[in-house]
Amino acid sequence: MTFMNKKYSKKVARCVKILEKDFPSLCPGMSTDRYQVIYIGNIGHTTGYDETSILQLLHLHQAEKGSCQLALFPGKQYSFVQYTDEESANAALKTLTRDACTKEGLHQHSKVYACLVPSMPAVAWPTMHDCPPGLRLLEDFINVEEEHSLMNLIDWETAPSDSHLGGSLKNRSVRHFGYEFEYGSNSIDASCPLLAAPLPTELLAIMDRMVKQGTLQCMPDQITVNRYLPGQGIPAHTDSHGSCGSELASLSLGGPVLMNWTAPSRLLQQQREALSTDLPAADHDEILSPTDTLMGYNMLLPPRSLCVFSGEARYCWQHGIKARQYDVHHSSDGHLQLVKRQLRVSFTFRRSRRGPCDCPYKLFCPDQQSPPQNTSLSENDATAEVLEIRHVQSVYDNIAPHFSDTRHKPWPNVRQFIDGLSPGAWLLDVGCGNGKYLGLNASLLQVGCDNSTGLLSIAQGRGHETVLCNCLALPFRDASYDAVICIAVLHHLASPERRMAGLRELVRVLRSSGRGLVYVWALEQTMAHRPSSYLKQKTSKNAANVKTTEAAEMNGTPSLPVHENRTQFVQQDMFVPWKLKAKTSEASTSEIQQVYHRFYHTFRDGELEQMCSNIDDINILKSFYDEGNWCIIFEKK
Ligand SMILES: O=C(O)CCC(=O)C(=O)O
Ligand SMILES: [Fe+2]
Ligand SMILES: [Zn+2]
């Protein structure tokens, strides 16, 4: 027996021992053709795989066949996967199997040890999270015949005659009836009834049922139809307070999908207290990193179901569908289920309304907040944090590939700083994005960090060392780097205190005599009568030099003006739109663009220096203006 074989046998034996010890009744059989369950001895909760990656690994060979169930056990290194039939289970095992069956009945493939077992053991995981109040799912609201006829109601191949009636978005196709629903602001344009697209008569009976059964209080007068291909989704949003009524309903056809709800937990707690409801304290997953305050809830929407949003779920929570090929669903028996996406069509029913919203959720209501301040954002840290999550982190996640395509040229002054570092120096790039500054100087040891998984995975794909983290909590020891750069990051922090904390964090990880380079966007985009390159890229369409546009409607975050791209800034705190051009897909010629709002605080002349002067252990070596940015090079004392 070779060394490898010995090592392998040992591992197999250990996996079998664990199985026998934890599940004496599940001994792996030799004649296992009738088994539908695979035991995987070395992939589990403690081995660093997540639910999705395990399920995907196992699901590949029956990708078209529906679903399989995964059982993970807290603190264990193994897992079980149940298939719908013996054939699939055997095929799955074969895929995992490279070598012939060993005498223990275990198989090996790229260090995976697996075998068939007679049944799926029960799991005891902590219970599911609470459903947002006001959210209801009515299963089988329509029957199969109705589903079939509604599925065929819309001719998706023919582009609508007018873009107000719908078109293809980057992530899905839409059609509107009654009124247009505008996805930039998530609102109904009540001033513009769609005379060419009245509510389809085929839906009248179903809408009637909604009202007669008391599901909805008012007859809807607006319908949006969304069509999602596998892999498509809808960004998290709240349908606008002012333009839609207190109830929304979404009818699902086609494949099941996991809808995701999020809400800022602290603000929601405050809101609940303000309304002095007797609701129990929030018991939800923190879905993002530990510094985040968003909480989440997932619900699987089966075909023919009607999902009704009212109250808190309607006004305080955001809902969305992740753009992915598979959903991972926690079924009620504690197992995890991988659900392959199929074509899904949804009908969203809304009632239009006019005038400012008067909902009771004042902390979340854009129409019931104090008017936007023209100076700096509030010091309310929770608000700033939520703003950063929604209007920086999640925007970059959504636009990552597109954004990355526009960012390849390193700024010459940043390159010069990096080139000037001594060979062997440790460089940290805080907010590295797609990693365009990593690897410029091969003699350095360099690490990039960012809080956008989307951007970071691009940097990682380019072979850079990366860490996912928030720039306010860098996971590095004090004085561990010779140099840090932080390019175009601090202007995304939404309060003066947080910007200061971000700067202090850069200094903290820097060793004595180490150097830092910081770039932030300048309020002043014209220097010595010369417009910055940002202004120069101005297209002829927005020729006006100074312009404010409408305030973006926010949910749980303050309303801020939206900057018109390529124009002079008129105030420091604002949203800067990122327009994702929709691909003209299939036969459709009309396209709609998805607009994301990124939060920016542009810095005034002297502001960055002022911040540095608050930190005792640095000296400013150089302070300069570079193409619309304020920049500083400092040294730690
Ligand atoms: O597809 C869905 O069920 C939801 C669509 C939605 O949220 C919307 O159109 O506003
Ligand atoms: Fe919606
Ligand atoms: Zn409201």
Side-chain angles (χ1 to χ4, degrees), residues 132 134-138 141 150 154 166-167 169 171-189 220 222-230 232-262 267 271 274-275 298-323 327 341-369 553-557 559 592 594:
L135 185 63
R136 276 174 299 153
L137 184 71
L138 308 175
F141 191 80
L150 289 184
I154 285 158
L169 277 65
N171 253 330
R172 58 193 200 283
S173 300
V174 295
R175 293 291 186 276
H176 306 293
F177 296 96
Y179 297 94
E180 183 179 2
F181 189 76
E182 208 273 301
Y183 277 104
S185 57
N186 294 306
S187 57
I188 297 175
D189 184 359
Q222 194 279 340
I223 295 174
T224 299
V225 191
N226 280 287
R227 183 187 63 155
Y228 307 85
L229 301 173
Q232 296 190 315
I234 183 168
H237 66 279
T238 302
D239 295 28
S240 97
H241 279 219
S243 75
C244 319
S246 60
E247 291 173 323
L248 307 166
S250 170
L251 185 66
S252 295
L253 319 171
V257 77
L258 202 71
M259 191 173 268
N260 177 251
W261 278 265
T262 54
L267 199 65
Q271 180 66 78
L275 290 169
N298 292 330
M299 186 190 270
L300 193 72
L301 305 181
R304 299 180 294 284
S305 68
L306 186 72
C307 182
V308 184
F309 302 57
S310 63
E312 211 180 76
R314 148 81 181 98
Y315 286 113
C316 307
W317 293 68
Q318 290 196 333
H319 55 279
I321 295 172
K322 297 245 158 67
D327 284 313
R341 289 274 181 89
Q342 300 160 42
L343 172 69
R344 172 174 180 269
V345 173
S346 72
F347 285 71
T348 303
F349 298 86
R350 308 183 181 92
R351 172 79 183 193
S352 70
R353 68 181 294 290
R354 283 151 209 257
C357 180
D358 53 2
C359 74
Y361 305 96
K362 303 204 181 339
L363 292 177
F364 285 82
C365 186
D367 297 350
Q368 300 180 65
Q369 314 245 322
E553 287 231 339
M554 298 301 312
N555 175 12
T557 43
S559 128
I592 298 175
Q594 182 87 43

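When a ligand or atom number is given, it counts from 1 through the structure's own listing order.
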Quiz item: Distance-only, no hydrogens or angles: does the E180 side chain make a donor-acceptor pair with backbone N or O of D189 under 3.5 Å?
Solution: no
Exercise. Kindly give the heavy-atom pair with the smallest separation between F347 and L150, and that separation in Å.
Key: CZ-O, 3.9 Å
Self-check item: Heavy-atom closest contact (P235 atom, R172 atom, distance)
Solution: CD-NH1, 4.0 Å
Quiz item: Any donor-acceptor pair under 3.5 Å linking the side chain of D367 with the backbone of C357?
Solution: yes
Quiz item: Side-chain contact, heavy-atom cut-off 4.5 Å: F309 with D239?
Solution: no
Quiz item: In terms of the angle between their ring planes, are F181 and H176 parallel, tilted or perpendicular, with boundaries placed at 30° and 60°?
Solution: tilted
Side-chain donor-acceptor pairs of residues 246-257 under 3.5 Å, sequence neighbours excluded:
unit_1: E247; atom_1: OE1; unit_2: Q217; atom_2: N; d: 2.8
unit_1: S252; atom_1: OG; unit_2: R344; atom_2: NH2; d: 2.9

Exercise. Identify whether NZ of Lys or CZ of Arg in R341 sits under 6.0 Å from the centre of the six-membered ring of Y228 and within 45° of that ring's axis.
Key: no
Quiz prompt | Atoms of protein origin (N, O or S) under 2.8 Å from the Zn ion (ligand 3) | solution = H241 ND1, C357 SG, C359 SG, C365 SG
Exercise. Please confirm whether the backbone N or O of H241 pairs with a side-chain atom of Y315, one donor and one acceptor, at under 3.5 Å?
Key: no
Quiz prompt | Close side-chain approach of T348 to I223, heavy-atom, < 4.5 Å | solution = no
Quiz prompt | Backbone N/O of G355 and side chain of R353: donor-acceptor pair under 3.5 Å | solution = yes
Quiz item: Is a side-chain donor or acceptor of Q368 paired with a backbone partner of C359 at a separation under 3.5 angstrom?
Solution: yes
Quiz item: If you draw a sphere of radius 2.8 Å around the Fe ion (ligand 2), how many protein N/O/S atoms end up strictly inside it?
Solution: 3
Self-check item: Sidechain-backbone polar pair: H319 side chain, T238 backbone, donor-acceptor under 3.5 Å
Solution: no
Short N or O separations between ligand 1 and the protein, below 3.5 Å:
unit_1: ligand 1; atom_1: 1 (O); unit_2: Y228; atom_2: OH; d: 2.5
unit_1: ligand 1; atom_1: 1 (O); unit_2: R344; atom_2: NH1; d: 3.0
unit_1: ligand 1; atom_1: 1 (O); unit_2: S346; atom_2: OG; d: 2.7
unit_1: ligand 1; atom_1: 3 (O); unit_2: S250; atom_2: OG; d: 2.6
unit_1: ligand 1; atom_1: 3 (O); unit_2: R344; atom_2: NH2; d: 2.9
unit_1: ligand 1; atom_1: 7 (O); unit_2: H237; atom_2: NE2; d: 3.2
unit_1: ligand 1; atom_1: 7 (O); unit_2: H319; atom_2: NE2; d: 2.9
unit_1: ligand 1; atom_1: 9 (O); unit_2: Y183; atom_2: OH; d: 2.4
unit_1: ligand 1; atom_1: 9 (O); unit_2: N226; atom_2: ND2; d: 3.0
unit_1: ligand 1; atom_1: 9 (O); unit_2: R350; atom_2: NH2; d: 3.1
unit_1: ligand 1; atom_1: 10 (O); unit_2: H237; atom_2: NE2; d: 3.0
unit_1: ligand 1; atom_1: 10 (O); unit_2: D239; atom_2: OD1; d: 3.4
unit_1: ligand 1; atom_1: 10 (O); unit_2: D239; atom_2: OD2; d: 3.4
unit_1: ligand 1; atom_1: 10 (O); unit_2: R350; atom_2: NH2; d: 2.8

